[in-house]
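Bear in mind the structure is a predicted one, so any value in this text is a computation, not a measurement. First listed ligand is number 1; within each ligand, the first listed atom is number 1.
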Amino acid sequence: MKNYYIYYNNKYVRQNDATISVLSASAQFGLNVFEGIRVYKEDFYYVFRLDDHLKRLNNSLRLIGFDIKVITKKEFINILRELIILNKIDTDFSIRFTYLISEIDSWSSIKRPTFFIAPLIRKRNSSETYKTMFLTKIRRISKNAMNPKIKCGANYINGRYAMLEAKSKGADLPMLKNKNGYISESSGACVFLVKKGLILTPSLDCDILESITRDTVIKIFSDSNYKIEERLISETEFKESDEIFLCGSAAEITPINLIKNNNFKIGVTTKFIFDEYQLAITAKKYNMYSWTTKLDVKL
Ligand code: PMP
């Protein structure tokens, strides 16, 4: 990976020069909260759903007990502009925006967290790319033990165990059920099923992250009068669905091939949402929602 400039501790530094103590609460216990935000480069740079990412990060900060508010949108955009220029980024990329405790401390730390904003080069998905999936025995963490609504580093270790199980079965990605045995989410993305024209997705009480892309997908489908149900989904319904796709800022729209089929073809409903999502992220459609923040940066 290229040694890009990042913004860390109120300075622009090379990624390799941004250090934290090995005994810090973040390095040792995974104590951090973060967002992964996409920027798409066309005629301008389009940041997708920035307000919603900042809002969710504020929520995560509060829920994990960090007594601090996220920087303002204006401050964020100024830093982002500078990072685009310093790194001469002329393509799609993703931003990791993370609050962490960089000094030696316990998991119960109440120190003031610092933050970094780091660009990572990420191209948008092609509809030809699909993933295989395995329904794991590992269950999704639940609200009363480790709230999945908080986008915290340590929560991803649950996804790691599920991913290890999926990989051991030859699949690319895991699907996790929640503690009650209902379909929940994948390790870093939410799921949608299509059955006989009806679109289904686990409701927000199924131990899922309140995914911003899930919200985008629901709005796009509703605008085209598709029938959507957000509810509890059984393992049988999952296995008997006609189409499955994942969604997330990183996953975008990822078609799923559940039963390993070498002649897999993307389903019509998945193709529809894939194409509409591409239009949404670059402000070619759905502008009434103000999902994109347009930046004009000259390199
Ligand atoms: N679930 C989990 C566990 C995730 O890590 C992500 C990625 N942030 C998602 C769902 C999708 O969320 P979003 O659409 O907000 O990126």
Side-chain angles (χ1 to χ4, degrees), residues 30 32-40 46-61 63-64 70 92-99 118 120 122 124-125 131 133 136 138-143 145-166 172-179 182-193 201-221 230 233 244-254 256 273-274 276-278 280-281 286 289 291-293:
N32 64 61
V33 286
F34 71 102
E35 287 296 316
I37 307 166
R38 285 287 199 131
V39 184
Y40 295 98
Y46 295 91
V47 190
F48 196 56
R49 300 204 62 168
L50 177 55
D51 299 87
D52 301 290
H53 282 286
L54 296 179
K55 201 167 139 196
R56 187 169 67 190
L57 190 51
N58 250 334
N59 226 11
S60 293
L61 283 167
L63 290 169
I64 209 158
V70 72
D92 295 347
F93 66 103
S94 171
I95 302 154
R96 201 59 73 66
F97 183 14
T98 304
Y99 279 79
L120 301 162
R122 295 273 186 277
R124 61 194 88 169
N125 266 358
K131 300 277 188 205
M133 176 174 266
T136 61
I138 296 287
R139 297 292 172 104
R140 188 69 182 130
I141 46 177
S142 60
K143 190 175 150 207
M146 216 163 161
N147 193 348
K149 296 197 181 344
I150 307 174
K151 205 167 155 58
C152 159
N155 285 8
Y156 282 76
I157 302 304
N158 173 232
R160 176 185 169 87
Y161 294 134
M163 180 67 100
L164 290 174
E165 189 185 340
D172 298 316
L173 292 170
M175 174 52 54
L176 291 86
K177 291 186 280 186
N178 71 357
K179 63 177 188 309
Y182 292 104
I183 297 299
S184 179
E185 62 182 344
S186 186
S187 45
C190 281
V191 68
F192 281 80
L193 314 178
T201 194
S203 40
L204 293 177
D205 58 358
C206 291
D207 300 309
I208 61 172
L209 182 74
E210 290 187 5
S211 155
I212 293 166
T213 322
R214 176 184 177 279
D215 176 74
T216 307
V217 166
I218 290 174
K219 289 205 168 83
I220 293 176
F221 274 133
E230 295 176 60
I233 297 173
I244 303 176
F245 65 87
L246 293 181
C247 77
S249 302
E252 299 179 318
I253 305 296
T254 302
I256 295 298
I273 193 68
F274 186 95
E276 294 300 300
Y277 189 73
Q278 294 298 314
I281 56 182
Y286 304 104
Y289 292 118
W291 282 335
T292 50
T293 302

* **Distance from atom 1 (N) of ligand 1 to nearest protein heavy atom, with residue and atom** => E185 OE1, 2.7 Å
* To do: With atom 11 (C) of ligand 1 as the reference point, say which of S211, G36, A250, A251 has the nearest heavy atom.
  => S211
* To do: Run down the list R56, E210, E35, K149 and name the one with the heavy atom closest to atom 15 (O) of ligand 1.
  => R56
* Atoms of ligand 1 close to R140 [distance to a heavy atom under 4.0 angstrom, numbered from 1] -> 3 (C)
* Can you sort out which atoms of ligand 1 are near Y156, meaning under 4.0 Å from one of its heavy atoms? => 4 (C), 5 (O)
* Are F245 and Y277 close enough that their ring centers fall under 6.0 Å? -> no
* Asked: Can you find a non-hydrogen atom of A189 under 4.0 Å from ligand 1?
  -> yes
* Asked: Strictly under 4.0 Å, does any heavy atom of K151 approach an atom of ligand 1?
  -> yes
Quick check: does [X] get an N/O under 3.5 Å from an N/O on ligand 1?
X: G248; result: no
X: T213; result: yes
X: R214; result: no

* To do: Please say whether more than 12 non-hydrogen atoms of neighbouring residues, nucleotides or ligands are located less than 6.0 Å from OH in Y286.
  => yes
